[in-house]
Structures are given as C-alpha cells and as structure tokens.
Amino acid sequence: RSSDLDGICKTKKCSSVCIPCIKMKTKKTRVLGKKIKIKVPYTDKCCKKSSDPVCVSYNAGCVGAKKTANAALTVAKTTLNTAKKSLDGATAVLTATAKTYQAGASAASALTKFGMTGLILVKKIDFDVEIGVVSSGKFSGHMEAKLLGKNQSFGFDLKLESVKDMAVDLAEKMFPGIAK
C-alpha cells in the first residue's frame, strides 16, 4: 500500500546553521607614539545563516526514496493484475478443456460398451407434424428406444434446420457438453 511507504523515512524540519567568515575591523593603535587606525582580521562566528545542508540532503534523499518506492509499487501492482488476468484466462481454458474431455470420454466409453449399432435402437417413433413446419421448423413427437442398453420413452419438441442439427441435438442429449 502507498501508505506503507511513509515508514521508509520521515522528512525533518531543518534548522539554520551559522556559517563563519573572516571580516576586517578598524582598530586604533599607537605606532611611534602616534595613534593610527589599522584594519585587522577577525572571525565572525555567524556571518551568514543557512539551512542545515545535512538535513536538506537527508530530506531530498527521503523524498526520492519514497517516489522510487511508489513507482516500483505501481509496476508491481500492474504486473500482478496482468498475471492474475492471465491465470483467470488459463483457468477458464482448462475448465472448458476438462468438460470437453469428460464428454468425449463418456461418448468413447459408450461406444466401447455398446458398439456403434448398440448406442441407439429406435423401437418406435411418432411425429406430430403440422403443415406450418416448413416455415417454422418446429415439430414434436414421441420416441421409444433402447439408449445405451436401457429402454426409454420420451417426448420431444424440436426446432431444427437440418438433419445435421438433429444429430447434434441428439448427441448433446446423450452426452451433455459434447457438441460444444
């Protein structure tokens, strides 16, 4: 978190420091009995005031460290979000693959157990077809069959465009997920 970056360092209030310098002052002195004025050097302990350079340098380093850490945190968050999205996508692909595999395995198992001719044995089929089926593609009916070795009887309502669609629909009812 960005708020955690405050713990890296804290900026300080910088105090002033005095910078000494050498100045000249006039001093009266006697030379050969005469009073004369001469200039003599002296040290002024606080000639100029300035912010403490060590403190100012520390504060500049602290601000730079926080900015660098914040930039690194932003890059890390972006990288983590990208990785998470990639992982979510991979999970979705693996889930779809597993479902497809499961449907295929179920179909293969049925083929092994019953053979191609033993999968479906239609005993009786009735269609309730009205004249409007040509335009609507809808019809219903009833079927008695032996599916995967079990006698079953069921009604159906279909809206089909072709025989291929009918075969796909039947395969989907027998092995959910296989047509996807």
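- Expressed to the nearest 0.5 Å, how far CG of Asp52 lies from OG of Ser16 amounts to 9.0 Å.
- Val17 has its side chain within reach of Pro53: a pair of non-hydrogen atoms, C-beta onward, lies under 4.5 Å apart.
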Legend entry - Working for side chain to side chain contact (heavy atoms under 4.5 Å, CB included), residues His142 and Ser153: CA-CA 7 Å; His142 183 82; Ser153 177; 2.9 Å; yes

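- Taken together, the cysteine pair Cys18 and Cys47 keeps its SG atoms at least 2.5 Å away from each other.
- For the atom pair Lys28 NZ and Ile38 CD1, the distance stands at 12.5 Å (nearest 0.5 Å).
- Tyr58 approaches Lys12 most closely through the heavy-atom pair CE2-CE, 3.8 Å.
- Here the rule is side chain to side chain contact (heavy atoms under 4.5 Å, CB included) with Lys77, and of Leu73, Val75, Thr74 only Leu73 fits it.
- Annotation: the span from Cys21 atom SG to Lys45 atom NZ amounts to 13.0 Å, rounded to 0.5 Å.
- Rounding to the nearest 0.5 Å places OG1 of Thr97 at 11.0 Å from NZ of Lys99.
- Dense packing is recorded around CD of Glu144, with more than 12 heavy atoms of other residues, nucleotides or ligands lying under 6.0 Å away.
- The distance from the NZ atom of Lys25 to the NZ atom of Lys27 is 7.0 Å, given to the nearest 0.5 Å.
- Nearest heavy atoms, Ser50 versus Ile19: CB-CD1, 3.8 Å.
- Atom CD1 of Ile22 sits in a sparse spot, with 12 or fewer heavy atoms from other residues, nucleotides or ligands closer than 6.0 Å.
- Here the NZ-OG1 distance, from Lys66 to Thr11, works out to 6.0 Å after rounding to the nearest 0.5 Å.
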